[in-house]
Structures are given as C-alpha cells and as structure tokens.
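Structure first, then comments.
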Amino acid sequence: DAQASGACESNLLEVQILSRPPKINMMIKPPKIRIRKTSTENEEPLRIAALGGLEEIGRNCMFFEYRNEIVILDLGLQFPEEETPGVDYIIPNIAYLADRKKNIRSLVITHAHYDHIGAIPYLIGKLGNPPIYAAALTKEIILKRQEDFPNAPKLNIQIVKNGDKI
C-alpha cells in the first residue's frame with residue numbers, strides 16, 4: 001500500500017557519521033556527528049558514533065544516544081602495530097561519554113575478545129561504572145581479567161541469555 005509506506009517513511013530519522021577514526025593516532029578526537037531529520041521538528045534524533053573498530057582491527061567501541069540516554073556497545077582495546085613502538089595498547093577516546101556519564105544506562109558486550117572488553121578496567125570508572133550486559137562466558141572472562149586490577153570499581157554484570165530483552 002503506497003499510502004501506508006509513505007506514512008512509515010515520514011517517521012524515519014537519518015543518521016550520518018561524519019568522521020571515522022584514523023588507523024593509528026594517539027590523540028584521537030571523538031567523531032563529529034551531524035543529524036539530519038527527515039520528519040517533524042519535535043522528534044529527537046538517535047545519535048550513533050563509533051569510537052573505534054571501524055576500518056581497523058581492535059578498539060571496538062560504539063554508542064547510541066537517544067534523548068538523555070546512552071548505551072555503549074563494547075569497550076575494547078587495540079594492540080600496537082609496528083608504527084607505534086613502546087605502546088602497550090590503545091584505548092578508545094571516551095571524552096564525550098565521560099562528560100555525559102550520568103546519562104549512560106549500560107554497557108553491552110558482544111563477546112569476550114580483548115578488542116571488545118580490553119579497555120573495561122581502564123575506562124569503566126570514568127564512565128560512572130554502568131551496569132554491563134553480557135553472556136555468561138563473557139561475564140566470567142571479564143571478571144577474571146578484573147582480578148589484575150584490584151583498584152578498579154567492582155563491576156555490576158548482568159547475564160543475558162538468548163531471547164532476553166534488556
């Protein structure tokens with residue numbers, strides 16, 4: 001039905017990510033985000049930004065921001081390459097998120113590879129220690145890694161099973 005299809009399309013929001021993080025840059029600035037609305041002025045935009053993991057291996061981190069709520073997806077690290085001698089690891093630049101830590105509702109972890117969980121001990125406190133949602137095995141790997149960081153905040157990890165809604 002053409003009329004119904006047009007009604008659905010008028011409620012969509014279009015999101016553009018304007019910059020991607022460079023391959024390696026120790027002073028990475030958060031990406032600039034431009035939102036273009038395709039419907040009424042009263043609707044709030046959904047902001048999506050990748051802080052790492054695009055066109056690179058490692059440092060996977062993305063967030064979704066809607067109104068005053070932020071959900072982070074992964075918080076990984078990147079291992080150094082030949083071009084970065086003396087660097088142990090590279091973590092996402094979370095300056096934008098740290099300034100809005102009161103709005104962070106959760107951190108969702110997709111799986112337990114270090115390029116998805118490796119930055120948790122270094123950054124979770126700066127993010128306000130939000131609840132973490134992960135599968136059971138991922139939770140155990142995160143907790144085992146936290147043992148190496150006795151001064152890091154105690155984590156609140158909720159197990160997510162297949163079919164769960166969070």
Side-chain angles (χ1 to χ4, degrees), residues 12-80 84 86-134 138-139 141-143 145-146 148-158 160 165-166:
L12 296 177
L13 294 176
E14 195 171 305
V15 179
Q16 290 181 324
I17 299 176
L18 293 182
S19 65
R20 294 182 181 161
K23 271 213 172 233
I24 296 180
N25 181 346
M26 299 307 291
M27 302 302 288
I28 297 172
K29 293 181 181 177
K32 294 180 182 179
I33 303 169
R34 176 177 37 185
I35 308 296
R36 183 172 29 147
K37 292 187 177 189
T38 58
S39 62
T40 67
E41 287 298 313
N42 294 336
E43 291 186 23
E44 293 284 332
L46 170 65
R47 293 178 178 87
I48 302 170
L51 302 179
L54 290 180
E55 296 185 356
E56 64 187 352
I57 297 172
R59 206 164 36 101
N60 292 291
C61 184
M62 176 179 279
F63 70 88
F64 303 89
E65 183 176 27
Y66 183 69
R67 295 185 178 159
N68 290 329
E69 296 185 343
I70 297 172
V71 174
I72 303 169
L73 182 66
D74 292 330
L75 199 54
L77 56 77
Q78 180 179 1
F79 293 103
T84 55
V87 174
D88 294 329
Y89 50 83
I90 302 166
I91 58 177
N93 181 339
I94 60 158
Y96 179 88
L97 295 172
D99 291 344
R100 292 159 180 79
K101 68 181 172 184
K102 68 179 181 7
N103 298 340
I104 297 173
R105 298 294 173 246
S106 65
L107 167 60
V108 177
I109 302 296
T110 59
H111 62 280
H113 291 168
Y114 273 30
D115 60 331
H116 294 261
I117 68 165
I120 292 174
Y122 305 103
L123 300 177
I124 198 74
K126 294 176 182 177
L127 297 172
N129 199 18
I132 299 172
Y133 293 90
T138 301
K139 173 184 177 179
I141 293 171
I142 292 169
L143 291 175
R145 178 164 166 72
Q146 286 297 106
D148 295 336
F149 299 87
N151 295 325
K154 183 177 181 336
L155 301 178
N156 173 14
I157 304 178
Q158 305 297 316
V160 179
K165 293 181 182 183
I166 55 173

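Atoms considered below: every heavy atom in the structure, side chains included; atoms not considered: hydrogens, waters and symmetry mates. Numbering starts at 1 and runs along the sequence shown. Every value quoted in this text rests on a predicted model; they were computed, and no experiment measured them.
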Could you state the interatomic distance from CD1 (Ile90) to CG (Leu77), rounded to the nearest 0.5 Å?
9.5 Å

Rounded distance (nearest 0.5 Å) linking atom CD of Glu65 with atom CG of Asn103:
7.0 Å

Report, one line per pair, each donor and acceptor closer than 3.5 Å where one atom sits in a side chain of residues 113-125; sequence neighbours left out.
residue	atom	partner	partner atom	Å
His113	ND1	His111	NE2	3.2
Asp115	OD2	Asn60	ND2	3.1
His116	ND1	Asp74	OD2	2.7
His116	ND1	Thr110	OG1	3.4
His116	NE2	Asn60	ND2	3.2
His116	NE2	His111	NE2	3.4
Tyr122	OH	Tyr89	OH	3.4

Less than 4.5 Å apart, side chain to side chain, heavy atoms only: is that true for Val108 and Val160?
no

Write down the atom of Pro153, the atom of Asn129, and the distance for their closest heavy-atom approach.
CB-ND2, 3.5 Å

Test log, rule side-chain contact (heavy atoms from CB on, under 4.5 Å), inputs Ile109 and Ile157:
CA-CA 10 Å; Ile109 302 296; Ile157 304 178; over 6 Å; no

Should Gln158 and Ile166 count as side-chain neighbours, where that means a heavy-atom distance under 4.5 Å?
no

Taking atom CG of Leu107 and atom SG of Cys61, what is their separation to the nearest 0.5 Å?
8.0 Å

Salt bridge (Lys or Arg N to Asp or Glu O under 4.0 Å) partners of residues 92-105, not counting sequence neighbours, each pair once
Glu69-Arg105

Using a 4.5 Å cut-off on heavy atoms from C-beta on, say whether the side chain of Leu97 contacts that of Leu51.
yes

Closest non-hydrogen atom pair between Ala50 and Leu54, with its separation
CB-CD1, 3.4 Å

Could you report the tightest heavy-atom contact between Thr138 and Ala134, atom names first, then the distance?
CG2-CB, 3.7 Å

Please report the closest heavy-atom contact between Pro80 and Asp88, naming both atoms and the distance.
CD-O, 3.2 Å

I need the single residue from Leu127, Ile72, Ile104 that forms a side-chain contact (heavy atoms from CB on, under 4.5 Å) with Ile94. Which is it?
Leu127

Applying side-chain contact (heavy atoms from CB on, under 4.5 Å) to Ile57 and not counting sequence neighbours gives none

